[in-house]
Every structure is written in structure tokens, then in C-alpha cells.
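Notes follow once the structure below has been shown.
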Amino acid sequence: MVKKKTCVFISGKGSNLRSLIKFSRDYSFPISVNLIVTNNRNAKGLNYAKINSIPYLIIDVKKRNYELKILDALKKNKISLICLAGYMKIISKRFISEFRKKIINIHPSLLPKFKGLNTYERILKKKEKRSGCTVHYIDEKLDNGKIILQKFFFIQDGYGINELKKKTQSLEYKSFSEALIRIYRYTNFWKKN
Ligand code: GRF
């Protein structure tokens, strides 16, 4: 199998990045992680780039043309797929149009419910019975694009933010990898790109 060269965008802890790197070591997993982009030079997740010798790019979002720098690095590293894994920055319409249908995101709720930030707090406040995560393509609207996969669990009595987060994130690791396998098996992405 020819693995798709993938770039993972992060802003923080990078536990989804760690999981994707781990899965990508399996010879039958359809992607390899070839580049990591972050808007946060203190992102803990950058350690996974360092210990795995994966090239990384720290961008300064205060600079006007920072997205051009990213596009340049993506081109140089022959990246054909982008995984957003906790990237806390809005991506411009122009950038999205360059990578249409090639950017996927993971969100810690059952979309279309609870788009945006502070997801866990809002889920608990609404006393939801179920929660989970969603892997989806991104489009111009926030947390809105076509859904690739969702997984859910029932929220137990007494769950606080920590429990909800822990449960959601362990489901995210499985979901991200399964979503990539699903794209590989059931779409023509791998043939086209
Ligand atoms: C994940 O829970 C993801 O759903 C959200 O940001 C979080 C990132 O966590 N978009 P990590 O950096 O992968 O640990």
C-alpha cells in the first residue's frame, strides 16, 4: 500500500497526534505522518514530532501570510491529507479551497450538537444522556462539514468534565483511525490524490 503523506495540525497536548503516529506504524494503516504544524510553540504535542523525528513547522499567526508558509511546507513535503487534531485556529476559506475534501477534523461532541469551544461544559450543562465524538471533513463553516464517522457513549451519573473528557478522548483515538480507514476503503480519495 502507498501510504498518504499526512500533516497533523495541533495546538496543545497532541494525544490524538500521538495515537495517529502509533497507528501509522502499522504497515496496513493508510497514512504516514510526515509533517506537524502548530500555532503554539509551547504545544506539548511538539514532543511527538521531536521524538519521532517528524518535521514540524511553528507558525506565527500574527504574521499576515502565515497560511502561505503552511501551504509551502505542505507542498515541499508532498502532503495530500491534513488531520486537524486540536488545532485551535480558524482556517481561511482560501486555504480550504486549496485542500478541498482533504482536511479532516475531530470534534468532541456528536455534531451537529455542540459546535465550537467549551464543548464538555455545555454538554454537562444541558444534561445530555449521550455524548461522543465526530470525525468530519471541514468546510467553510465551523464544525460543519460532511461527517465521516461518529461514536457515542452514555454519560453516567456523576460525570464531571474530567470523566467526560477522558471517555471522549479515548473514543477519539479509535475514531480518527477508523475514519481514515473508512476513507481509504469506501471513497476514491486514495485513487484520485
Ligand atoms: C480533542 O479532544 C479534539 O476533539 C479537540 O481538541 C482535543 C485535542 O486533544 N478538537 P489532543 O491535543 O489531541 O490531546
Side-chain angles (χ1 to χ4, degrees), residues 6-25 29 31-52 54 56-59 61 70 81-92 95-96 99 102-126 128 130-153 155 159-180 182-183:
T6 300
C7 175
V8 183
F9 284 33
I10 61 165
S11 296
K13 201 170 72 162
S15 63
N16 278 283
L17 165 66
R18 182 190 56 201
S19 161
L20 285 173
I21 294 172
K22 200 168 143 218
F23 276 108
S24 72
R25 291 207 189 100
F29 195 68
I31 66 148
S32 53
V33 179
N34 295 78
L35 181 66
I36 291 156
V37 167
T38 186
N39 61 325
N40 173 13
R41 63 173 54 256
N42 299 315
K44 280 201 181 135
L46 273 180
N47 284 329
Y48 301 116
K50 291 172 190 161
I51 57 181
N52 291 289
I54 300 171
Y56 60 90
L57 175 68
I58 301 170
I59 43 154
V61 294
I70 305 179
L81 183 71
I82 295 172
C83 290
L84 304 181
Y87 182 62
M88 304 300 285
K89 194 82 203 134
I90 301 279
I91 293 181
S92 74
F95 190 101
I96 294 172
F99 264 74
K102 295 176 193 164
I103 310 178
I104 65 176
N105 181 43
I106 186 141
H107 186 76
S109 78
L110 296 170
L111 291 174
K113 283 183 157 185
F114 305 103
K115 296 177 178 184
L117 297 175
N118 304 319
T119 326
Y120 301 123
E121 288 89 331
R122 289 185 290 129
I123 291 169
L124 290 173
K125 211 169 168 193
K126 275 260 175 190
E128 292 290 304
R130 306 182 327 157
S131 194
C133 63
T134 306
V135 185
H136 64 98
Y137 292 104
I138 74 156
D139 66 13
E140 287 77 9
K141 293 189 193 137
L142 183 69
D143 299 327
N144 184 70
K146 188 171 175 239
I147 291 174
I148 303 161
L149 180 149
Q150 276 185 325
K151 282 185 189 287
F152 79 92
F153 57 87
I155 299 176
Y159 263 26
I161 290 184
N162 288 343
E163 291 79 10
L164 190 56
K165 186 173 176 185
K166 203 169 164 204
K167 188 87 189 173
T168 306
Q169 289 207 317
S170 66
L171 214 54
E172 285 187 339
Y173 310 143
K174 293 186 198 114
S175 303
F176 226 152
S177 62
E178 274 183 45
L180 290 164
R182 208 173 265 196
I183 299 172

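The figures here come from the full heavy-atom set of this structure, side chains too, leaving out hydrogens, waters and symmetry mates. All ligand and atom numbering here is 1-based and tracks the order in the structure.
Within ligand 1, the atoms closer than 4.0 Å to a non-hydrogen atom of Pro108 are 4 (O), numbered from 1 in the order shown. Numbered from 1 in the order shown, with element, the atoms of ligand 1 that lie under 4.0 Å from a heavy atom of Lys13 read 12 (O), 14 (O).
Under a 3.5 Å cut-off, the side chain of Arg182 and the backbone N or O of Ile148 do form a donor-acceptor pair. Counting only distance, with no hydrogens or angles, the side chain of Asn52 and the backbone of Ile54 share no donor-acceptor pair below 3.5 Å.
Taking 4.0 Å as the cut-off between side-chain N and carboxylate O, Glu178 and Lys151 count as a salt-bridged pair.
At the top of the distance list for atom 9 (O) of ligand 1, counting protein heavy atoms only, stands Gln169 NE2, 3.2 Å. Among protein heavy atoms, the minimum distance from atom 14 (O) of ligand 1 is reached at Ser15 OG, 2.5 Å.
Tyr87 and Phe9 have perpendicular rings, their planes meeting at more than 60° on a 0 to 90° scale where under 30° would count as parallel.
In terms of polar-atom proximity, Glu172 is counted as a contact of ligand 1, with an N or O under 3.5 Å from an N or O of the ligand. Considering backbone and side-chain atoms together, Ile106 places an N or O closer than 3.5 Å to an N or O of ligand 1.
When the heavy-atom distances from atom 6 (O) of ligand 1 to Gly45, Ala85, Gly14, Gly86 are ranked, the shortest goes to Gly86.
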Salt bridge (Lys or Arg N to Asp or Glu O under 4.0 Å), that's the test. Do Arg122 and Glu128 meet it? Break it down for me. CA-CA 9 Å; Arg122 289 185 290 129; Glu128 292 290 304; over 6 Å; no

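In this structure, a donor-acceptor pair under 3.5 Å is present between the side chains of Tyr173 and Ser15.
Using a 4.0 Å heavy-atom cutoff, Ile10 is absent from the residues neighbouring ligand 1.
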